[in-house]
Every structure is written in structure tokens, then in C-alpha cells.
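Taking it in order: structure first as C-alpha cells, then the write-up.
What you see is a predicted model; the values in this text were computed from it and never measured. Scope of the values below: all heavy atoms of this structure, side chains included, with no hydrogens, waters or symmetry mates. Below, chains carry the letters A, B, ... as their sequence lines are ordered, and counting in each starts from 1.
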2 protein chains.
Amino acid sequence: MKGIRQLAERLNISIGTVSRALNGRPDVNDETRRRVLEAAAEMGYVPNQSGRSLRQGTTNAVGFMIESGFDVAGNPDNFFLGVFDGVQTVLSRHHLDLVVLPCATDEDPTQYLQRMVTRRLVDALIISATHRTDRRIELLNKTHIPFIALGRSATPGNHPWLDLDFEGVANRAIDRLVAKGHRRIAVGVPSNDINLGFVFLDGYKAALARHGIAFEPNLVIRAPSSEQGGYQTAHELLTMPEPATAVVLIYELMAIGFYRRLNESGLSPGRDIAVIAFRESPLSRFLSPALTCFRMSLRDLGITLGESLLASMPAYADIYPQGIVRRVWPMELVEGGSDQAIKG
Amino acid sequence: MKGIRQLAERLNISIGTVSRALNGRPDVNDETRRRVLEAAAEMGYVPNQSGRSLRQGTTNAVGFMIESGFDVAGNPDNFFLGVFDGVQTVLSRHHLDLVVLPCATDEDPTQYLQRMVTRRLVDALIISATHRTDRRIELLNKTHIPFIALGRSATPGNHPWLDLDFEGVANRAIDRLVAKGHRRIAVGVPSNDINLGFVFLDGYKAALARHGIAFEPNLVIRAPSSEQGGYQTAHELLTMPEPATAVVLIYELMAIGFYRRLNESGLSPGRDIAVIAFRESPLSRFLSPALTCFRMSLRDLGITLGESLLASMPAYADIYPQGIVRRVWPMELVEGGSDQAIKG
DNA sequence: ATGTGCTCCGTAAACGTTTACGACGCTATA
DNA sequence: TATAGCGTCGTAAACGTTTACGGAGCACAT
């Protein structure tokens, strides 16, 4: 109805010239270009994306795959919405759009991704919640679609990634607790094979070693990344023969359950057991005592994520010359009262 | 590289037949169809979406627009992820896919939607977080793309919508509080013009009228849908000449701030001021006293949302014959200790 | 007069599908 | 035998763009 053809007929010029004028090609007269742009605006003409995609094999969209049933942050505010905002901000600078691809809980993530890739709905991809070995990365390495992973993985490949600094989180939390006199420090980590748990554990072990503290496997407590998981973690900790005096929880939501279990035993977080958790949310200040945790800007993370992805796309590599980005995202410690010094 | 042409050559049949076989057309031999499907699976062939869209003017995708900076539920678990899951489940039954379109905070939602529509990226749309007057609905009414709104609006039009039963929430909360002896009942509603606030207020007024209680405008407290907003609400309530004895908060996240402000004044939620809030999250049970709130299945909501959208699409109207759906989604009350009877 | 280079524009092919149309071979019926 | 009908399949046009190619017109130098 309102294709490029109608536009050309109306101006009595060929569709080739119209296309060139619209796409900013140099070989078109200034006056002609002005007329074309004017008529296009007047008619409300917007190029049909399917035709354009078919011809030039590009869609001007990047995909962000998430798993509906799985919030990587497990945290009481919406991790992804903040990140989307940052990514979208970067993309819109280049007339690209972000489409989020939510994989349903009952579908295999790799198959879903496969479908999205072959569909050619997007030019590039962001995947999140990477696993220790991630078959999606294997898949994407085979195809040649540019992508970046939000989260490291042990799966080989020289793809770009951006990850939260869980190693730093672990190190700084342990340093802080040791400085306050703690020696028996437990950690609560996810029970699935999401990679951040492994990274976190590496940092934990390294920090213990630095302080000359022996690593005790039974102080690593695996539980779901939920309020219930935190409850379980606390329960397991309290029923140990020789309980820890401090704990670092990887998800703030777990802290809620952790507090709850402690309260049930008449114990007080902070006073009886020190607690540090990742990641700050509106809850942190409300919990009593306030939770010592780590803070980050989701939007800034999204911006860096978007820029890093563009840097790996040939068409934008000259604008973002940072090459293959592989870096960790720093976080800031927020002091609460939940990690007081050891008693006595 | 792996188009329908290669598939046809490999089988020594025409691409027309291959296409018909893949699309389940009747005029193809069973044996031929079997061979085509087998070869397609083996080659990992998936039709190019651009070519298909161009030819038949359809994209096999539906969009779900969200606003990154704005979580409609304002609640401590991820409202949208649950809904996505349900929608995707329905769509995949018909080989449709869901793409989420996150509008950045710095972009005008109507312009963003306009761009997505003309891009012809999707066949149908879901919009969420509807406002009292919503220019997106005006826009979509002009175009002829099928859509459904998650949330009512005062903007005219005979489009389908599905909305949470905020009127029911208000009515049942007030009934419950009145039965416990409360007469001065405040409400905390959003300060922006999102429509659910108006619906909620309507229910509130109707319930008061039923119980013969006069409506007092200063018992309607407007605040942001955040923890801080809840804090403000409590503060405003406490500094009133004649404070209310109960409050109904529209966002659970506000309850956290509300509790916090009460605690600062040495007051106890439930005992000194009754609190009911919408919507249940992992927090509800943890708060002390546990929050009386409303529960719903996000996934089931998503399923109904998806089915209602399909019902308004000509191509699926025979499978989902419910016509133009306009209904509210029921919610279940969950009892906590936060809404005890009035003192004395 | 011829050649060269430049600017601007039209022509037509290509991208990967779907589908209207018609052709072919076969069977059944008159 | 002729005709009609059916099942199956090939042919080619169409969807809306972009872009390689070449040509027309002109200016300028040789």
C-alpha cells in the first residue's frame, strides 16, 4: 500500500533512486534527495523490514535471550529490566532495536536458541545466565552470528563476555569478615550449574588461602536461589557439629530465608552469625539488621554490555574499537549491620 | 547456504513441493512428505523468516511491549517473567514466538510502539501497564494490527483487554477490614496515571458506600510504587490529625517502607495499623507480622492473555472462539497477621 | 574531434519463500 | 473411446527492498 514503488511513482523517478536517497548514498542529487525525504515523511513511508532483511541479510535488531523461569539475579528487584534499559540506550544510537527472547520453562534453551538463530530474526545475540558448560555457546560458536554472554563459562571459545565480579565479591566479603575476627566462614551457592557459583567459589577459596584458612567442603552449602533456599542454608548451618560464625550468600533473596530460620532459633543475624549477600535491593536496608551487600548500576551494566556486543560486530567495530571484550563488572560494597564482629 | 533450494536439489524435487510438504498442504504425497521432513530435520533446515514474511505478509511472532523503567507490579518478584512464560506456552502451540519489546526509559512509549508497528516485526501486540488515557491504544486502533492490553484504560475503543481484578481486591480488602471493626481505612495508590490506580479507587469507594462509610479524600495517599513510596505513605498517615486504623497498599513493595516507618515510631504493623497489600511475593511470609495479601498465578495469567490475543486474530479466531475478550483476572486472598482487628 | 572523468539516474537481478495455475498420469464412469 | 475427476507435482510470479552495472549527459583537457 505504501511501498517504495508508490513513492517513486509519485515523484516520477525510479525506485532505485528513491532507495539510494533514503539510505544516504552519495550518488544522488541533493535536490532529488530533498524531494524524496520530504515525500517519504509526508506519506509516512517506512521501509518494510522483511524486504530489507531478505535483500541484505540483516535485521537491525539484536536479541537478548532470557529464561523465563530463571532470574539470574534471584534478587528482589528486576535485574533484567534495568539491563534492558541500558542495552536499548546504546542500540538506539545506531538505529538498532532490542528484542527480548524469553525461553519458556518447558522448552530446551538450546533448541529455542537454535530456532531463533535460524529464524534470522536478529543480527546479534546476548545470552544470559551462562552455565558451567553451556551448550548455547557451543551452538553460537558454530554459527557465525555475533554474540556476547552475560556471564562467563567454562565452555571454550573466544567469544566476548561480560560478567559480574563474583570473584571480587567473594574476596572482599571474606577479607572483611576475617578482619572482623571470623575464621569459620560458610558460603551459600546455587545448587544448579550456573557458572557464577563456580566463579564465586574460586574467589572464596583464593581468599581463604590468602588468609591461611583451610578450606572445608562442608562449609559450602548448596541450595536453590530462593527464600526457601536461604532457609535451608541456615538450617543446615545451624545443625552442623561445629557451626560457622559467618556466611556469604550469593543471592539476597536467600538472606530473607536465612534471617527467618535464625529468628526461629532465637538467633539474631549480625550478632550471632554475620551475613553478607549479593545484591543490593530495596530490601537490604529494610532487613533488620540492614544487610551488608554489594551494589551496582544495572543500566550502566547494560550500556557496557551493548557496547561490547557492537564491538564484536564487523559493521560497528570501527566505532567501538575495543575488540573482543572479556571483563568483569565491578561492584561497590554497601555497609549494613548484618556482618558485625565475632563475639567474645 | 541451507535454503529450501538446497533441500529440493538434494531430493530431486521442486522447491514448490518441498514448501507444500513442509507447510502441511494436502496436495502432496505421503511418502514424499515423509522424505522431505526427514531431510529437513537432517539438514537442520528452518525457513528463512524474512523470505516467508515478505511473501505472506506475516511474521509468526507477537510482541509484548514493556517499559523498562516501569514494573507494573512493583513487586519483589518478577511479574513479567512469569507472564512471559505463560504467553510463550500458548504461542508455541501454534508455531508462534514471543518477542519482548522493551521501551527504554528515555524514549516516548508511543513513538517506540509506532516504530515497532511500521517495522512489521510482529503480527500482533500485547501492551502492558496501561494508563488512564493511553496514546498507544489510540495508535493501535488506527492501524489494524491485532492487540490486547494487559490492563484496562479509559481510552475508548473496542479492543480486547485482560486486567487484574483491582476492583475485587479493593472490595474484599475493605470488607475484611470493616468486618474486623475498622472504619477509617486509607489507601496507598500510585502517583502516576497508570489506570490500575483508578480502578482500585473505584472499588474502594464502592466498598465504603456499601458499608455506609463516608469517603474522605485525604485518606487517599498518592506515592511512588516503591519502598520509599510506602515509607512516605506511612509518614503521611501518621502525621494526620486523625490517623486511619487500617491501610490497603496497592504494591507490596510499599509495605516494606510502610513497616519501616511504623517501626521508627515504635508502632507495630497489624497491632497498631492493619495492613493489606497486593501482591504476594516471597517477602510476604517473611515480614513480621506476615502480610495479608493477594495471590495469583502469573503463568496462568499469561496463558489466558495469549489465548485472548489469539482469539482476536482472524487466523486463529476459529480455534479460540471467545471473541473480543474483556475480563478481569481473579485473585486469592492470603491471610497473614498484618490485618488484625481494631484495638479496644 | 576524441577521450577522460564525473555526476546522476534507470534497469534489472537478487534475496528465500509461498502459491496460483496448469500439466501429467491414472482411474472411474458413461 | 471419450470425458471427467483426482492426486501429485513442476513452473513461475510475486512479496519489497537493495545494489551492481551501465548509460546519458556534461565539462574539460588533449
Requested in this report: Scan A:Asp27 against the nucleic acid and name what it touches under 4.0 Å (heavy atoms): base, sugar-phosphate only, or nothing.
Outcome: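 Counting heavy atoms under 4.0 Å across all strands, the contact made by A:Asp27 includes a base.
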Requested in this report: Using a heavy-atom cut-off of under 4.0 Å over every strand shown, decide if B:Arg20 touches base, sugar-phosphate, or nothing.
Outcome: base
**Report entry** Over all atoms of both residues, closest heavy-atom pair of A:Ser50 and B:Leu54
**Finding:** CB-N, 3.8 Å
Query - 5' priority, DNA chain D, between B:Asp30 and A:Gln56 [closest heavy atom] - result: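 Whichever sits nearer the 5' end wins; that is B:Asp30.
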Report task. Assign each of B:Ile15 and B:Thr32 to its nearest nucleotide of DNA chain D by heavy atoms, then name whichever residue's nucleotide is nearer the 5' end. Result ->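 It is B:Thr32, whose closest nucleotide lies nearer the 5' terminus.
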Report task. Indicate, yes or no, whether a donor-acceptor pair under 3.5 Å links the base of D:dT17 to the side chain of A:Arg52. Result -> no
Report task. Would you kindly give the CG-to-P distance between B:Asn29 and D:dC9, to the nearest whole Å? Result -> 5 Å
Query - Rounded distance in Å - CG (A:Asn48) to C1' (D:dA14) - result: 14 Å
[N] phosphate, OP1 or OP2: any side-chain N/O from [X] under 4.0 angstrom?
X       : N      : result
A:Ser19 : D:dT17 : no
B:Tyr45 : C:dT17 : yes
B:Thr17 : D:dC9  : no

Query raised in the report: Considering residues, nucleotides and ligands other than A:Arg135, do more than 12 of their heavy atoms fall under 6.0 Å from its CZ?
Result: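 No, because the 6.0 Å sphere around CZ of A:Arg135 holds 12 heavy atoms or fewer from other groups.
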Query - Parallel, tilted or perpendicular: ring planes of A:Phe147 versus A:His159, cut at 30 and 60 degrees - result: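 Because their plane-to-plane angle is under 30°, the rings of A:Phe147 and A:His159 count as parallel.
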